[in-house]
Amino acid sequence: QDGDLDHAMAVFKDGLGKGLKPSIIVYNTLIKGLSQQGLILPALQLVNEMAENGCHPNIWTYNLVINGLCKMGCVSDAHNLVHGAIAKGCLPDIFTFNTLIDGYCKQLKLENAIEMINRMWGQGVIPDVITYNTLLNGLCKAAKSEEVMETFKAMVEKECTPNVITYNILLESLCKAKKVNEALDLLVEMKNKGLTPDVVSFGTLITGFCKIGDIDGAYQLFRRIDKQYEVCQ
RNA sequence: UUCUUCUUUUGAG
């Protein structure tokens, strides 16, 4: 977790040398660390070796490497690894799909992202709030504000309940389209839905007001943060 | 007593 993989690997090898049997959790932890640092080949090497020590990679194991690849922007490699996982009997789960969808969205390959969502339905994996948030964020970053709102409606129709992160993305999308007043309305709407705007909600709005040069509006929002915390405490 | 996925804000050019 601190990113000190050299140390972690040293301890791991030391344990192996002393005849200790690693658990799959130990493997997954190491694979996560390696993958997050972009050390994909060493990570895959562990994936290949672990069976020898009685630990068979599970879908979590593959998800960690898939995530590492996606975060590096190597989404097609990630997609290939999904097929590798399937070949080893590990079926993609909601995490696999959400990770890949985020990878495509971060590359603004939105058609690919949407295609993955369709494929999820086909495989009986139901898109969840994270799936929709991920796609909404991709559409937002691509400045497709109309499609953001359409997708938001679609998720509600599919009985997927938006959370604070959903609204934060919508707020950013509206701010990006310079529709700050609609964003303020949305702040009210989220409260009506029982959701409490958080520090990201306000930060997003304040940035939006600043970008259109409305410093007074930004400052008023800033002062509202204090009020909200007074209510909470 | 969590091994995996989603949101805002930064600098330089």
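Per chain, numbering begins at 1; letters A, B, ... match sequence-line order.
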Participant: Tell me: CG of A:Leu69 to C1' of B:U4, nearest whole Å?
Facilitator: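 After rounding, the gap between these two atoms is 14 Å.
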
Participant: Taking only residues two or more places apart in sequence, or in another chain, which ones meet A:His83 in a ring-ring contact (aromatic ring centres under 6.0 Å, His included)?
Facilitator: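 Only A:His79 meet the ring-ring contact (aromatic ring centres under 6.0 Å, His included) criterion with A:His83.
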
Participant: Give me the residues of residues 100-119 of chain A where at least one heavy atom lies under 4.0 Å from an atom of RNA chain B, by number, or none.
Facilitator: A:Asp102, A:Lys106

Participant: With the stacking rule set at 5.5 Å and 30°, tell me whether A:Phe95 counts as stacking on B:U4.
Facilitator: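 Here the ring of A:Phe95 and the base of B:U4 are stacked, with centres under 5.5 Å and planes under 30°.
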
Participant: Starting at atom CG of A:Asp93, determine the distance to atom P of B:C6, rounded to an integer number of angstrom.
Facilitator: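 Going from A:Asp93 (CG) to B:C6 (P), I get 14 Å.
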
Participant: Please state how far atom CD1 in A:Ile59 lies from atom P in B:U4, giving the value in whole angstrom units.
Facilitator: 15 Å

Participant: Taking atom P of B:C3 as reference, at what distance in whole Å does atom CD of A:Gln36 sit?
Facilitator: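 Atom-to-atom, A:Gln36 to B:C3, this comes out as 13 Å.
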
Participant: Considering only side-chain heavy atoms of A:Lys32, which listed nucleotide, B:U7, B:U4, B:C6, is closest?
Facilitator: B:U4

Participant: Rounded to whole angstroms, how far apart are CH2 on A:Trp60 and P on B:U4?
Facilitator: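 Interatomic distance, CH2 of A:Trp60 to P of B:U4: 6 Å.
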
Participant: Taking only residues two or more places apart in sequence or in another chain, which ones pass side-chain hydrogen bond (donor to acceptor under 3.5 Å, both in side chains) with A:Asp102?
Facilitator: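 side-chain hydrogen bond (donor to acceptor under 3.5 Å, both in side chains) check on A:Asp102 returns A:Lys106.
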
Participant: Return yes if a side-chain donor-acceptor contact under 3.5 Å exists between A:Asn137 and A:Thr134, otherwise no.
Facilitator: no

Participant: Measure CD1/A:Ile165 against C1'/B:U5 and give the value in whole Å, please.
Facilitator: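 That distance rounds to 11 Å.
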
Participant: Could you tell me the separation between the CD1 atom of A:Ile25 and the P atom of B:U1, rounded to a whole number of Å?
Facilitator: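 So the CD1-P distance, A:Ile25 to B:U1, works out to 13 Å.
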
Participant: In this structure, how many angstroms lie between the P atom of B:U7 and the CG atom of A:Leu174, rounded?
Facilitator: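 Distance check: A:Leu174 CG to B:U7 P gives 18 Å.
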
Participant: Apply side-chain contact (heavy atoms from CB on, under 4.5 Å) to A:Ile40 and A:Val65, showing your working.
Facilitator: CA-CA 7 Å; A:Ile40 302 300; A:Val65 186; 4.1 Å; yes

Participant: Taking side-chain hydrogen bond (donor to acceptor under 3.5 Å, both in side chains) as the test, write out the residues that go with A:Tyr62, two or more places apart.
Facilitator: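 side-chain hydrogen bond (donor to acceptor under 3.5 Å, both in side chains) list for A:Tyr62, sorted by chain: empty.
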
Participant: Holding to side-chain hydrogen bond (donor to acceptor under 3.5 Å, both in side chains), I want the full list of residues that pass it with A:Asn98, two or more places apart in sequence or in another chain.
Facilitator: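 A:Asp128, A:Thr131.
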
Participant: Starting at CD1 of A:Ile101, measure out to CD of A:Glu115 and round the result to the nearest 0.5 Å.
Facilitator: 10.5 Å

Participant: When every nucleotide of nucleotides 8-13 of chain B is labelled 5' to 3' by its protein contacts under 4.0 Å (heavy atoms), B for base, S for sugar-phosphate only, - for none, what sequence of letters results?
Facilitator: BS----

Participant: Which nucleotide in the set B:C3, B:U7, B:U5 lies at the smallest distance from any side-chain heavy atom of A:Asn98?
Facilitator: B:U5

Participant: Heavy atoms only: give me the nearest A:Gln123-A:Pro92 pair and the separation to one decimal.
Facilitator: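 Between these two residues, the closest heavy atoms are OE1-CG, 4.1 Å.
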
Participant: Given B:U4, B:C6, B:U7, identify the nucleotide with an atom nearest to the side chain of A:Leu64.
Facilitator: B:U4

Participant: How about A:Phe209 and A:Tyr219: are their ring centres within less than 6.0 Å of each other?
Facilitator: no

